[in-house]
Amino acid sequence: MNTYRTHYCSDLSIQNLDQDVVLSGWIDTMRDHGNLLFIDLRDNYGITQCVVDSSNPNFEQINALNHETVIKITGKVLKRSSDTINTSLKTGEIEIVIKAFEILSKSDILPLPVNSDIEYGEEVRLKYRYLDLRRNKLHKNILLRNKVISSIRTKMLKRGFIEFQTPILTSTSPEGARDYLVPSRIHQGKFYALPQAPQQFKQLVMIAGFDKYFQIAPCFRDEDSRSDRSPGEFYQLDFEMSFVTQEDVFEAIEPVLFEIFDENKSFSRDKSAQVGKYPFPKIPYHESLEKYGTDKPDLRNPLLIKNCTEVFVDSNFKIFANKVKKGSVVKGIQITNTEDKPRSFFDKLNDWAKEEGEAGLGYITYQQGEYKGPIAKHLSKDKLETLKLNEGDSIFFVCNSIKEAQLFSGKVRDKLCMELNLLDKNSFQFCWIVDFPMYEIDEKTNKIQFSHNPFSMPQGEMESLKKMDPLEVKAYQYDIVCNGVELSSGAIRNHKPEIMYKSFEIAGYNKETVEKKFSGMLNALKFGAPPHGGSAPGIDRMVMLLADEPNIREVIAFPMNQQAMDLMMNAPSEIEKDRLEELGLKLIDKD
RNA sequence: GCGGGAGUAGUUCAGCUGGUUAGAACGCCGCCCUGUCACGGCGGAGGUCGCGGGUUCGAAUCCCGUCUCUCGCGCCA
């Protein structure tokens with residue numbers, strides 16, 4: 001028998017009446033009635049009420065214990081009287097009468113209460129993360145994370161994927177985010193980099209003939225944090241497949257994602273969420289920008305953006321007409337049932353647009369057969385009719401250069417959805433964004449650069465690279481988006497060296513540079529590489545969506561703060577001079 | 001690097017346009033209470049109002065600087 005316990009704190013029920021049991025756990029709450037004391041004992045699994053009265057010789061000692069002290073109790077399982085049953089507790093029909101107890105570990109006065117779900121400041125929570133992790137919400141989130149990861153592993157293995165570990169100390173990559181660097185002791189002046197993703201390794205695994213690869217992969221990027229981006233490290237379900245087209249990759253991962261979300265759709269929810277079925281909708285990149293104003297659309301938002309440029313061409317609404325003449329476009333976002341919206345509804349939106357740095361937000365409403373609003377009087381009836389408004393509809397307009405108009409109309413779409421409460425929060429809606437452009441213009445330098453992964457295969461391969469305007473070339477590059485959150489990026493890779501040289505040449509890398517930077521990869525492609533591709537959904541973000549948490553740190557056991565510091569472990573920290581010397585490093589005094 | 005918000009008891013917060021003793025709740029300490037489950041009741045301790053400077057007869061409150069946390073922008077192939 002285990003020294004510390006015969007049961008977990010969630011186990012006991014009326015099935016165990018009159019049994020002598022041993023439980024160990026933390027003192028969650030104590031209710032002191034003078035000569036009678038209740039202790040809620042908590043472990044990973046649940047809570048059991050223990051009771052002791054002054055007839056017990058240890059009564060005074062037990063009474064003096066602190067919250068979160070770890071104790072072992074020995075006692076008997078008793079049925080609670082019908083009026084004292086606690087239905088909100090799994091063990092609520094019984095209680096343990098304490099016969100003996102032992103203190104396993106005392107607790108000081110807590111900097112952070114464990115037995116409450118009240119919000120506390122992050123600084124304290126991060127410094128005492130182990131206490132925060134004891135608390136109900138975070139504890140449950142981490143258990144959810146475990147469930148998601150173990151389920152992913154089972155599903156991938158079942159589908160014939162092989163799990164790998166790839167190096168953590170590797171080389172720096174020229175494209176992409178800032179790397180975390182690790183100085184080399186043996187090669188002073190040289191540095192390892194932590195991988196931003198195991199991108200090249202997983203391709204090399206394909207070239208090595210393993211056919212299907214996956215890894216719950218740590219990725220390291222030295223970028224500033226956001227609420228959905230933890231600084232330092234994050235985890236991806238990284239996978240790659242040989243002899244596949246884009247469609248094969250979609251078919252392989254869609255069921256995995258669907259099932260993960262479907263299995264956990266009831267987590268922390270009153271009602272099970274609805275999970276969008278596969279095949280997931282596929283939206284070309286340009287269409288996504290046109291219709292949703294973003295490359296990560298939230299499909300729960302029913303509003304669509306339409307092109308209204310024609311309505312304003314040569315119209316009397318000179319502000320728009322003149323801008324259109326100079327190449328601007330007009331986007332419209334139409335909403336329904338606005339008959340009873342007061343004037344202030346529109347004014348507030350106009351004020352919001354100004355706060356966003358826009359000139360304003362013009363609109364037209366259609367009520368009782370009449371077009372109203374500040375713009376309507378400048379447009380002819382014919383033009384107005386082409387808007388095809390129904391009774392009670394309103395439409396908001398954004399006029400700017402294509403890129404700016406797309407971006408802001410996307411914001412208007414979000415804002416209107418929020419104001420009108422149109423979002424079905426209890427639903428997960430996936431989509432693929434496909435046909436990303438291979439290249440884009442760097443607005444600062446006016447040079448052509450890769451818009452995504454430089455190892456992606458251009459659609460049309462060598463022929464497109466040679467004959468087309470680089471900015472028109474699309475890549476076999478795709479993202480998967482859920483509820484407006486980018487879960488992953490993926491691609492069919494470029495497995496032909498000559499196309500690699502050409503695609504890098506267009507982005508301004510000559511043959512020598514490519515050979516120097518990617519020699520391992522390039523050489524590998526010269527000895528027979530299978531066509532291959534994959535993707536890498538972010539695990540933290542998946543768990544975040546399932547747990548319905550607005551902040552990614554709520555699903556990471558030991559996250560760093562926004563300044564990329566670990567307040568509990570005091571990382572990063574200064575190091576001694578002789579260790580710097582050993583590495584051949586000298587610190588620069590910034591003052 | 002830039003912009004918004006915040007920093008008051010161990011913790012979460014209140015504290016108006018400056019006014020003399022800076023409050024509440026939870027926690028902590030003491031006393032009372034044998035059926036609670038966020039138990040209850042009575043009493044108590046606990047504060048350099050982030051830090052530095054300024055204005056003023058008087059600053060938690062107003063001004064300037066600075067530090068910290070957080071949200072966003074930049075950044076994130």
Side-chain angles (χ1 to χ4, degrees), chain A residues 28-42 47-56 59 63-64 66-68 78 80-89 91-92 95 97 107-128 131-132 136 172-179 196-197 199-200 219-232 234 355-357 436-440 442-444 449-456 475 477 479 486 489-491 503-504 507 509 517-518 536 538 550-551 553 561-563 565 567:
Chain A
D28 193 74
T29 46
M30 290 203 282
R31 292 176 292 280
D32 178 3
H33 290 246
N35 291 311
L36 180 74
L37 173 68
F38 296 98
I39 291 179
D40 285 345
L41 195 69
R42 185 194 73 242
I47 281 179
T48 301
Q49 174 167 286
C50 306
V51 62
V52 62
D53 68 21
S54 50
S55 64
N56 187 308
F59 183 74
N63 218 339
N66 271 348
H67 280 136
E68 295 305 309
L78 284 196
R80 297 202 201 179
S81 66
S82 60
D83 57 326
T84 59
I85 287 173
N86 184 349
T87 50
S88 60
L89 219 55
T91 57
E95 64 190 1
V97 177
S107 171
D108 282 346
I109 293 168
L110 300 167
L112 173 78
V114 170
N115 62 9
S116 115
D117 274 333
I118 301 170
E119 299 276 341
Y120 286 88
E122 276 217 281
E123 213 170 340
V124 182
R125 291 180 57 203
L126 291 174
K127 184 165 179 194
Y128 302 97
L131 293 180
D132 199 18
N136 186 42
T172 179
S173 57
E175 293 280 330
R178 216 175 285 117
D179 291 314
Q196 295 185 26
Q199 178 64 36
Q200 292 190 61
C219 304
F220 304 90
R221 295 179 193 176
D222 185 3
E223 292 300 329
D224 288 337
S225 77
R226 292 289 183 274
S227 59
D228 64 351
R229 209 166 73 198
S230 188
F234 61 96
E355 280 167 27
E356 293 286 320
F436 275 84
M438 185 82 190
Y439 301 101
E440 65 188 13
D442 182 332
E443 288 184 357
K444 284 176 220 148
Q449 60 181 19
F450 289 109
S451 70
H452 272 71
N453 189 322
F455 301 115
S456 299
Q477 168 85 43
D479 280 0
E486 182 190 318
S489 231
S503 75
F504 271 89
Y509 297 84
K517 298 278 186 194
F518 305 106
N551 191 309
R553 293 187 293 273
N561 71 1
Q562 196 184 36
Q563 312 305 318
M565 293 187 294
L567 299 177

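Below, chain A is the first sequence line, B the second, and so on; all start at residue 1.
At whole-Å resolution of the value, CG in A:L110 and P in B:G46 are 22 Å apart. Between A:I109 atom CD1 and B:A9 atom C1' the separation is 13 Å, expressed in whole Å. Atom CD of A:E440 and atom P of B:C75 are 10 Å apart (whole Å). One can place CG of A:N63 at 12 Å from P of B:C28, the figure rounded to the nearest angstrom.
The backbone N or O of A:D132 sits nowhere less than 3.5 Å from a side-chain atom of A:R125 that would complete a donor-acceptor pair. Looking at A:R553, its side chain never comes within 3.5 Å of a backbone N or O of A:S230 through a donor-acceptor pair. Side-chain atoms of A:Q477 come within 3.5 Å of backbone N or O of A:G490 as a donor-acceptor pair. Remark: the backbone N or O of A:S107 is paired with a side-chain donor or acceptor of A:N66 at under 3.5 angstrom. With hydrogens and angles disregarded, no donor-acceptor distance shorter than 3.5 Å links the side chain of A:S225 to the backbone of A:Q563.
Set against B:U11, B:G74, B:U70, the side chain of A:D224 has B:G74 as its closest nucleotide. Of the candidate nucleotides B:G27, B:C73, B:C69, B:C69 has the atom nearest to the side chain of A:N561. Residue A:E223 places its side chain closer to B:C75 than to any other of B:C28, B:C75, B:U12. Listed nucleotides B:G74, B:G27, B:C71 differ in distance to A:N551; the shortest reach to its side chain belongs to B:C71. The side chain of A:R221 lies closest to B:C76, out of B:C76, B:G74, B:U70.
Rounded to whole Å, the separation between the P atoms of B:G7 and B:A14 comes to 7 Å. B:C39 sits 38 Å from B:C16 when the C1' atoms are compared, rounded to a whole Å. Across the P atoms, B:U12 and B:G50 are found 14 Å apart, a figure rounded to whole Å. Between the C1' atoms of B:C75 and B:G1, the separation comes to 11 Å (whole Å). Annotation: B:G19 and B:A60 have their C1' atoms spaced 13 Å apart (nearest Å). Only the C1' atoms considered, B:G74 is 47 Å distant from B:C28, to the nearest whole Å. Between the P atoms of B:G54 and B:A59, the separation comes to 12 Å (whole Å). The P atoms of B:A22 and B:G46 are separated by 13 Å, rounded to the nearest whole Å.
With sequence neighbours left out, A:R42 forms a salt bridge (Lys or Arg N to Asp or Glu O under 4.0 Å) with A:D28, A:E68. Contacts of A:I109 classified as side-chain contact (heavy atoms from CB on, under 4.5 Å), with partners at least two apart in sequence or in another chain: none.
Of the two residues near RNA chain B, A:L567 and A:S227, the one whose nearest nucleotide lies more 5' is A:L567.
Residue-level contact check: A:E119 touches the backbone only, with heavy atoms under 4.0 Å from sugar-phosphate atoms and none from bases. Here A:P111 lies in heavy-atom contact (under 4.0 Å) with sugar-phosphate atoms only. Using a 4.0 Å heavy-atom distance criterion, A:L112 is classed as making no nucleic acid contact. Counting non-hydrogen atoms under 4.0 angstrom, A:M565 reaches the backbone sugars and phosphates but no base. Using a 4.0 Å heavy-atom distance criterion, A:S456 is classed as making no nucleic acid contact. Using a 4.0 Å heavy-atom distance criterion, A:Q562 is classed as a base contact.
In this structure B:C33 sits in no base pair that meets the Watson-Crick or G-U test at under 3.5 Å. Pairing for B:C13 is with B:G23, a Watson-Crick or G-U wobble pair whose two hydrogen-bonding atom distances lie under 3.5 Å. Across all strands shown, B:C73 pairs with B:G1; the Watson-Crick or G-U wobble distances both stay below 3.5 Å. The partner of B:C51 is B:G65, by the rule that a Watson-Crick or G-U pair needs both atom distances under 3.5 Å. When both distances must be under 3.5 Å, the Watson-Crick or G-U wobble mate of B:A60 does not exist. Judged by Watson-Crick or G-U wobble contacts below 3.5 Å, the nucleotide B:C28 has B:G44 as its partner.
Nearest heavy atom pair, residue A:S503 against residue A:P454, reads OG-O, 4.3 Å. Taking every heavy atom of both residues into account, A:F59 and A:L37 meet most closely at CE1-CB, 3.9 Å.
In this structure, A:F518 and A:F504 have tilted ring planes: the angle between them lies in the 30° to 60° band.
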Using a cut-off of under 3.5 Å, enumerate the N/O to N/O pairs linking the protein to nucleotides 30-38 of chain B.
from, atom 1, to, atom 2, distance (Å)
B:C33, N3, A:D32, O, 3.3
B:C33, N3, A:G34, N, 3.1
B:C33, N4, A:D32, OD1, 3.2
B:C33, N4, A:D32, OD2, 3.4
B:C33, N4, A:G34, N, 3.1
B:U34, OP2, A:H33, O, 3.4
B:U34, OP2, A:N35, N, 3.3
B:U34, OP2, A:N35, ND2, 3.1
B:G35, N1, A:E95, OE2, 2.8
B:G35, N2, A:E95, OE1, 2.5
B:G35, N2, A:E95, OE2, 3.0
B:U36, O4', A:H33, NE2, 3.3
B:U36, O2, A:R31, NE, 2.6
B:U36, O2, A:R31, NH2, 3.3
B:U36, O2, A:Q49, OE1, 3.4
B:U36, N3, A:Q49, OE1, 2.8
B:U36, N3, A:Q49, NE2, 3.0
B:U36, O4, A:Q49, NE2, 2.8
B:U36, O4, A:R80, NH1, 3.2
B:C37, O4', A:R31, NE, 3.0
B:C37, O2, A:Q49, OE1, 3.2
B:C37, O2, A:N86, ND2, 3.1
B:C37, N3, A:R80, NH1, 2.7
B:C37, N4, A:R80, NH1, 3.3
B:C37, N4, A:T84, O, 2.3

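For A:R125 and B:C69, a side-chain-to-base donor-acceptor distance below 3.5 Å is absent, hydrogens and geometry of angles not being considered.
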